[in-house]
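Working notes, beginning with the structure itself.
Below, each value reflects all heavy atoms present in this structure, side chains not excepted, and no hydrogens, waters or symmetry copies. So that the names make sense, note that chain A is the first sequence line, chain B the second, and so on, each numbered from 1.
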Amino acid sequence: MAKKRTIRTIPQERTPVREQPPGERVKNFQEVSLGYGLEEALVESERCLLCPDQPCVRGCPVGIDIPGFIEKLGQKDFRGAYDVIAATNLLPAVCGRVCPQENQCEGVCTVGQTLKPVAIGRLERFVGDRAIAEGWSNLPYIERNDFRVGIVGSGPAGMACAADMAKAGCDVTVFEAFHQPGGVLKYGIPDFRLPNEVIDAEIRNLYKLGVKFECNTLVGRLFTIEQMLDEMGFHALFIGTGAGYPAMLGIPGDALNGVLSANELLTRCNLMRAKEFPNYDTPLPLGQRVAVVGAGNTAMDAMRVCLRLGAEKVYCVYRRSRTECPARGEEVHHAEEEGVDFRWLTNPIEVLNDGKGGVRAMRCMRMELGEPDASGRRRPVAIAGSEHELEVDLVVFAIGTNANPIMGQTSKLKLNARGYIDTDADLATSVAGVFAGGDIVTGAATVIEAMGAGRKAARSMKAYLGLRDADTPYRGDTSDLPARCFGIDVRERNFARIRVA
Amino acid sequence: MSQSVFEIVAREDFSDVTYLLEIRHPLMARAARAGQFVIVMSHEHGERIPLTIADFDRDKGTITLVIQAVGKTTKEMQQRCHVGSTLHAVVGPMGIPSPVSGAKKVLCVGGGLGVAPIYPQARAFKENGAYVIGVLGFRSKELMFWTDRFNACCDELIVCTDDGSSGIKGLVTEGIRRAIEKHPDIDECVAIGPPVMMRGCAEATRPHKIKTVVSLNPLMVDGTGMCGGCRVKIGSEVKFACVDGPDFDGHLVDFDDLISRLRRFTAEEKAARERWSETCRMRSETTLGALAAQSSARTGGASSELLELPDPFDDARGG
């Protein structure tokens with residue numbers, strides 16, 4: 001064993017990752033970050049202190065044993081590193097790319113208190129990519145049972161839930177309304193951030209677990225969840241349909257033809273391959289000068305897609321400042337490098353007609369930050385007399401989503417006041433046997449949070465079906481020891497109290 | 001990826017531009033209700049186009065689509081889709097089914113392609129015991145279809161043609177005017193067709209305060225409420241036709257907005273159509289020569305005029 005690492009002995013600089021140069025990459029849809037090579041990954045793995053405290057594990061929504069996999073990686077045991085990640089995370093190659101690590105594992109990293117935190121996301125991606133290249137997949141011994149589980153939506157929440165239920169031995173079918181599985185990973189996140197091959201490779205692992213996919217199936221309309229439970233023989237269902245109902249700008253002119261949601265732009269470009277029009281049939285409105293309203297990850301994706309489609313000028317219009325911007329730091333940084341013109345503290349008030357139903361310009365106001373609002377962020381206040389026009393011919397709005405109404409329209413599921421599905425702490429809905437998680441419960445969030453919800457719902461579902469949850473490690477909870485005799489957790493609810501004579 | 005097969009089991013050509021496809025999809029035949037639509041992808045590189053379900057047969061397990069060949073995709077489907085061939089994707093039924101109210105006397109108005117989707121509604125009203133007055137509008141007698149089906153479920157049927165070659169000469173609004181004159185007690189009007197026609201219907205019934213339901217046909221991508229491309233203005237509200245509709249109160253719909261939004265891709269549509277016709281012409285010189293010669297001999301002048309003046313609205317949702 002090597003000498004114990006301390007903050008002084010580890011490599012002080014965070015290993016930089018190779019990227020396509022900005023000037024080149026804005027002309028293609030190839031991945032921006034090229035990922036760590038072997039040497040780089042090994043050097044970066046040295047930076048982990050393997051501290052006993054492990055704040056990163058708690059910072060991860062699915063609780064990956066981060067020091068565990070980094071240690072294996074450092075020993076060049078790549079398969080071992082993959083095994084550690086795969087124990088909790090189904091999609092390492094995806095999560096390494098799209099997780100907001102700076103708010104999760106890397107944000108709480110012990111090294112990060114003194115130096116730059118360990119690049120956990122890049123290391124995870126390295127392991128995930130290696131696994132895809134080598135064709136590794138961890139197929140546990142699965143003891144089949146007779147339960148049938150239906151998953152509505154093939155996005156990250158649905159996939160995570162499907163994997164756990166398949167590993168528990170259930171017969172799992174995933175239903176997807178689009179013609180390809182993957183949900184937001186496919187239609188939303190562009191290729192330069194998450195290539196489709198990576199998603200397909202990760203989905204293949206689900207097939208290997210015995211998960212079935214039914215595309216072109218709009219649950220709720222083709223059959224309802226009640227029918228699935230009563231007639232189609234499903235014992236439990238998970239609903240992970242995502243939020244997907246874009247919020248409107250709500251300003252004059254937002255119905256003009258040059259105004260569209262980021263969801264529409266990205267779906268056309270990513271899933272329908274409109275960027276290859278006319279080789280693919282779906283058209284895409286091209287703007288020479290584009291304003292994207294909002295500054296989340298979706299907004300960043302939309303801006304960078306527009307640049308790659310040949311826009312001359314792309315503005316980011318956001319009513320708060322850079323500090324409040326919700327996008328991943330790396331995405332903002334990449335967008336800046338690629339030449340997006342950020343207009344912080346600017347709020348659109350009207351989209352102006354070019355006289356032919358298109359967009360001529362967008363009228364905006366300058367803002368300043370006032371008192372903190374309900375979200376804890378400082379509320380932007382308009383500066384009087386600061387009206388100005390941005391000359392643009394395309395306006396893309398990425399200002400969040402509302403709840404998709406289809407599930408509510410077609411079932412008796414209880415919804416909350418905002419139209420999202422109401423669940424208890426265990427993600428059970430008002431209908432017995434039906435669980436829900438991801439954006440359709442919480443509103444728009446991140447891929448890893450949706451996966452976390454999918455896994456949590458799977459745990460509840462196993463408890464509901466009376467399946468022993470072999471996947472959940474029983475971490476010492478000594479507070480109620482008598483209730484945890486024989487390794488049985490009361491929370492499993494799978495045993496009845498009996499009285500002997 | 002696992003996918004079911006969407007097989008075409010019947011095809012019928014109503015004219016050189018209008019054709020009917022019957023697709024095997026037992027689950028959908030069971031779930032479909034009047035007023036709903038499907039999204040079709042004809043092949044892997046295709047676009048997703050919304051098409052109204054014109055009919056469904058629960059016993060045979062099929063759904064029927066009536067399509068007008070105006071854009072690249074619909075023209076290509078006209079050439080490629082035959083009995084026994086398959087479509088890449090068919091998803092639905094989408095949208096909220098038309099609520100078939102308990103109205104006693106109903107006016108069912110269909111214009112052009114809208115004649116097809118109004119049929120299941122007329123039939124549903126009839127089954128509900130209503131007195132059904134059908135008003136159908138066509139460009140000319142040659143383009144007429146399904147009048148036999150309507151005769152079977154309508155108590156009165158008024159056919160209007162633009163050139164007067166069948167029924168009364170004039171637009172469907174003329175038929176509506178006559179129907180209202182004869183029956184002042186009409187409770188409800190349902191109108192499906194191109195936006196201009198639906199606007200005309202809404203204006204014709206507005207003075208009489210007859211509740212008018214129209215089925216909107218904006219451009220769509222996913223059809224599940226995710227993209228917002230199909231947003232329409234209903235009174236002061238913005239609604240998504242795919243999940244909040246497609247049926248709305250005709251007296252509240254902002255038709256100017258709808259028509260303008262339907263023109264969104266006019267340039268791209270035209271380019272795609274031209275590019276496609278060009279490749280077809282090149283191909284027709286070799287393999288499709290005989291077929292093309294045959295069809296052009298049959299079509300004559302009338303349809304080439306139609307082809308040059310495609311109605312952008314018809315492409316959107318079989319409207």
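- Applying side-chain contact (heavy atoms from CB on, under 4.5 Å) to Val395(A) and the options Val259(A), Leu256(A), Ile251(A) leaves one that passes, Val259(A).
- With a 4.5 angstrom heavy-atom cutoff, Leu222(A) touches chain B via backbone and side-chain atoms both.
- Glu44(B) touches chain A through its backbone: at least one of N, CA, C or O sits under 4.5 Å from a heavy atom, while the side chain does not.
- Both the backbone and the side chain of Arg48(B) come within less than 4.5 Å of a heavy atom of chain A.
- Each of Pro246(A), Ser261(A), Gly357(A), Ala177(A) has some count of heavy-atom pairs under 4.5 Å with chain B, and the biggest count is that of Pro246(A).
- Chain A forms the most heavy-atom pairs under 4.5 Å with one residue out of Met226(B), Met28(B), Glu76(B), Arg33(B), and that residue is Met226(B).
- Neither the backbone nor the side chain of Val232(B) comes within contact range of chain A; no heavy atom of the residue lies under 4.5 Å from a heavy atom of that chain.
- Using a distance-only test at 3.5 Å, with no hydrogens or angles considered, no donor-acceptor pair links the side chain of Thr224(A) to the main chain of Gly220(A).
- Side-chain contact between Lys60(B) and Val9(B): absent, with no pair of heavy atoms (C-beta onward) separated by less than 4.5 Å.
- For Glu176(A), no part lies under 4.5 angstrom from a heavy atom of chain B.
- To the nearest 0.5 Å, the span separating CD1 on Ile96(B) from CZ on Phe248(B) amounts to 7.5 Å.
- Proximity to chain A (any heavy atom under 4.5 Å) is restricted, for Met41(B), to the side chain, taken from C-beta onward.
- There is no contact between Leu266(A) and chain B, counting heavy-atom distances below 4.5 Å.
- Here the shortest heavy-atom pairing between Glu226(A) and Thr410(A) reads OE1-O, 3.8 Å.
- The candidate from Asp254(B), Asp257(B), Thr224(B), Val90(B) with the greatest count of non-hydrogen atom pairs under 4.5 Å with chain A is Thr224(B).
- Proximity to chain B involves both the backbone and the side chain of Pro283(A), based on heavy atoms less than 4.5 angstrom apart.
- The salt bridge (charged side-chain N to carboxylate O under 4.0 Å, His left out) analysis of residues 254-267 of chain A, with sequence neighbours excluded, yields the pairs Glu264(A)-Arg268(A), Glu264(A)-Arg264(B).
- The candidate from Thr241(A), Ile406(A), Asp281(A) with the greatest count of non-hydrogen atom pairs under 4.5 Å with chain B is Asp281(A).
- Among the candidates Met94(B), Lys233(B), Arg30(B), the residue making the largest number of heavy-atom pairs closer than 4.5 Å to chain A is Arg30(B).
- At a 4.5 Å heavy-atom cutoff, Ile39(B) makes no contact with chain A through either its backbone or its side chain.
- The shortest side-chain heavy-atom distance between Phe213(A) and Val174(A) falls under the 4.5 Å cut-off.
- Within the cation-pi definition used here (under 6.0 Å to the ring centroid, within 45° of the axis), Arg221(A) does not qualify as a partner of Phe175(A).
- Separating the OH atom in Tyr19(B) from the SG atom in Cys81(B) is a distance of 6.0 Å, to the nearest 0.5 Å.
- The two residues Ile259(B) and Pro195(B) come nearest to each other via the heavy atoms CG1-CB, 3.7 Å.
- Contacts between Arg261(B) and chain A at a heavy-atom distance below 4.5 Å involve backbone atoms as well as side-chain atoms.
- With chain A as the partner, the residue from Gly228(B), Pro93(B), Gly223(B) showing the most heavy-atom pairs under 4.5 Å is Pro93(B).
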